[in-house]
Amino acid sequence: MANPKEKTPMCLVNELARFNSIQPQYKLLSESGPAHSKMFSVQLSLGEQTWESEGSSIKKAQQAVASKALTESTLPKPVQKPPKSNVNNNPGSITPTVELNGLAMKRGEPAIYRPLDPKPFPNYRANYNFRGMYNQRYHCPMPKIFYVQLTVGNNEFFGEGKTRQAARHNAAMKALQALQNEPIPEKSPQNGESGKEMDDDKDANKSEISLVFEIALKRNMPVSFEVIKESGPPHMKSFVTRVSVGEFSAEGEGNSKKLSKKRAATTVLQELKKLPPLPVVEKPKLFFKKRPKTIVKAGPEYGQGMNPISRLAQIQQAKKEKEPDYVLLSERGMPRRREFVMQVKVGTEVATGTGPNKKIAKKNAAEAMLLQLGYKASTSLQEQLDKTGESKGWSGPKAGFPEPTNNTPKGILHLSPDVYQEMEASRHRVISGTTLGYLSSKDMNQPSSSFFSISPTSNSSATVARELLMNGTSPTAEAIGLKGSSPTPPCSPVQPSKQLEYLARIQGFQV
């Protein structure tokens with residue numbers, strides 16, 4: 001149903017039957033259809049009238065036949081009670097006391113409730129009036145009425161009700177009607193008298209026992225309550241309680257220990273209020289010195305050696321300014337050789353940085369901004385050169401030349417096995433038939449001073465060629481010339497220039 005508080009047709013039929021002193025009877029007549037889609041037929045009897053209806057369930061069939069009976073029944077219907085209207089006319093059921101508390105807080109005037117219930121006078125003669133006991137059986141006692149006094153600032157309102165809470169709501173309703181249209185008073189500076197009145201208003205909300213303990217605590221006086229007398233029959237006892245506060249003492253009597261204690265506190269409270277007020281001692285104000293900042297983050301040398309991004313962020317935090325704003329401007333280059341351009345903005349200053357990835361671009365942009373703001377570089381120049389040399393090095397496959405060792409003479413270029421195989425294949429095609437042979441792959445791994453190895457028959461010629469290629473002069477040839485014996489000419493020797501041209505053609509460089 002749309003409204004959960006709305007009564008169902010079956011509930012209304014029950015009310016109709018109760019009003020006419022009859023009993024409604026529902027009877028299941030039949031059920032038909034498959035198991036997943038059954039239809040039920042129900043009959044309703046109200047006195048001599050009967051109605052029938054169907055539904056997909058027994059409950060729905062009962063509701064349908066009940067609504068049909070309500071429209072077609074000729075029985076007299078009960079008078080419908082009007083819906084209860086909200087006393088406050090407030091959405092959300094806000095009670096008058098809550099609404100008044102909010103209004104009183106705005107006005108700066110506390111709302112104080114005081115019960116005004118009349119004290120019951122004990123009728124001792126009624127216990128012994130046996131003549132009236134017969135009449136008391138048929139006597140209806142009058143309902144008790146509670147009265148409450150409400151004080152809001154200088155205004156007083158009275159409320160009554162069957163309960164104490166109802167009386168408070170009644171008084172709050174009267175106060176709301178009177179104070180809602182009045183302007184809110186302006187708060188004036190409190191002088192001594194007004195401060196005293198505020199204290200009295202605050203004390204009005206406290207019990208007499210609490211006030212006694214507060215005054216005794218301020219004046220360092222001991223407090224003790226003691227029941228000194230207990231008399232009367234069990235159903236009507238009387239208690240006497242004595243309270244001692246320092247040098248003052250008083251007694252109170254009541255039909256309960258709580259009431260006697262309260263009356264004793266009220267008596268002694270009147271004596272305590274006559275004491276002279278305590279001198280007001282002003283507490284000295286505590287001054288806390290602020291700790292000086294040990295790290296000055298505004299210096300141009302601060303943060304050297306740190307990450308430029310963190311360094312720039314810390315400097316902005318020390319200045320209590322907005323943190324740097326990084327924006328990716330562009331992304332260019334080949335897929336494996338990308339270049340990113342990052343921009344950083346600090347206030348009105350703008351700087352950019354580039355790098356092979358976003359992280360390095362952001363770091364370079366932060367470094368550029370630091371230099372632009374007048375700070376020293378985060379890293380030294382030598383470290384930057386070392387890093388750039390490492391980063392600029394080609395990261396792809398290296399050329400087929402092994403790194404020269406310390407024992408390798410200058411000017412000698414070592415061949416990789418791939419180049420060696422290429423040269424070996426060319427040797428068979430181009431210069432086949434000569435005694436000149438290339439170095440083996442085993443010899444390639446050892447430091448060597450020549451590209452070629454000559455057969456043992458031309459050992460001296462190979463030595464002369466090697467010395468001429470290396471130094472331009474050959475001491476071996478001079479020694480042979482001095483002995484008068486000329487070196488045996490090799491079969492078809494290869495000139496160094498030809499060797500260099502062949503090597504340039506294989507490796508793909510120009511001479």
Side-chain angles (χ1 to χ4, degrees), residues 1-100 115 117-118 120 132-148 158-174 176-177:
M1 297 178 64
N3 186 4
K5 293 185 179 181
E6 185 179 353
K7 294 182 179 180
T8 62
M10 292 181 66
C11 183
L12 295 174
V13 165
N14 292 338
E15 291 182 359
L16 178 63
R18 195 181 306 114
F19 183 74
N20 291 278
S21 302
I22 56 178
Q23 184 71 23
Q25 293 181 357
Y26 294 91
K27 184 178 180 182
L28 179 62
L29 298 179
S30 64
E31 57 180 273
S32 59
H36 67 278
S37 179
K38 280 192 174 184
M39 293 297 294
F40 300 89
S41 179
V42 175
Q43 181 184 16
L44 170 62
S45 300
L46 276 177
E48 298 178 356
Q49 296 178 333
T50 57
W51 296 270
E52 293 182 7
S53 184
E54 293 182 349
S56 58
S57 66
I58 298 177
K59 194 73 175 177
K60 289 182 180 179
Q62 289 176 341
Q63 296 287 0
V65 74
S67 60
K68 189 176 181 180
L70 288 173
T71 56
E72 299 178 1
S73 175
T74 57
L75 297 173
K77 297 181 180 180
V79 180
Q80 296 290 336
K81 294 181 180 180
K84 293 182 180 180
S85 60
N86 192 7
V87 180
N88 313 334
N89 296 324
N90 291 331
S93 300
I94 300 176
T95 59
T97 52
V98 174
E99 190 175 358
L100 179 63
D117 302 335
M133 290 181 65
Y134 178 79
N135 296 329
Q136 288 176 5
R137 182 182 302 176
Y138 304 99
H139 175 68
C140 297
M142 294 295 293
K144 188 176 181 181
I145 302 296
F146 294 87
Y147 299 93
V148 170
F158 296 91
E160 59 182 24
K162 295 181 180 179
T163 61
R164 196 180 304 277
Q165 189 67 17
R168 289 164 64 97
H169 287 335
N170 192 332
M173 282 293 297
K174 294 179 180 179
L176 284 172
Q177 293 175 359

Note to self: To the nearest 0.5 Å, what is the distance between CD on Gln165 and CZ on Arg168?
What the structure shows: 5.5 Å
Next item on the list: Can you see which heavy atom on Val148 is nearest to which on Arg164, and at what distance?
Entry: CG2-O, 4.2 Å
Check: For Tyr147 and Glu160, which heavy atoms make the closest approach, and how far apart are they?
Finding: CE2-OE1, 3.2 Å
Notebook entry, point to check: If you round to the nearest 0.5 Å, how far is CD of Glu99 from CD1 of Ile94?
Noted result: 6.5 Å
Item checked: Under the side chain to side chain contact (heavy atoms under 4.5 Å, CB included) test, residues paired with Ala17 that sit two or more places apart -> Ile22, Pro24, Leu46
Margin query: How long is the straight-line distance from CE of Met173 back to CG of Asn170, given to the nearest 0.5 Å?
Written below: 8.5 Å
Check: Quick one: salt bridge (charged side-chain N to carboxylate O under 4.0 Å, His left out) pairs with a partner in residues 41-70, sequence neighbours left out?
Finding: none
Next item on the list: Say whether, by atom type as modelled, one donor and one acceptor occur between the side chain of Ser37 and the main chain of Pro34 under 3.5 angstrom.
Entry: no
Check: How would you list, by chain and number, every residue that makes a side chain to side chain contact (heavy atoms under 4.5 Å, CB included) with Ala172, sequence neighbours excluded?
Finding: Pro96, Thr97, Leu100, Tyr113
Check: What's the shortest heavy-atom distance between Pro9 and Ser67, and which atoms?
Finding: CB-N, 3.7 Å
Next item on the list: Identify the two heavy atoms, one from Ala69 and one from Trp51, that lie closest to each other, and give their separation to 0.1 Å.
Entry: CB-CE3, 3.6 Å
Checklist line | OG1-CD distance between Thr8 and Gln63, expressed to the nearest 0.5 angstrom | finding: 4.5 Å
Margin query: Under the side chain to side chain donor-acceptor pair (under 3.5 Å) definition, can you give me all pairs with a residue in residues 18-36, not counting sequence neighbours?
Written below: Glu31-Lys38
Checklist line | Leu16 and its side-chain contact (heavy atoms from CB on, under 4.5 Å) partner, picked from Cys11, Pro76, Pro78 | finding: Pro78
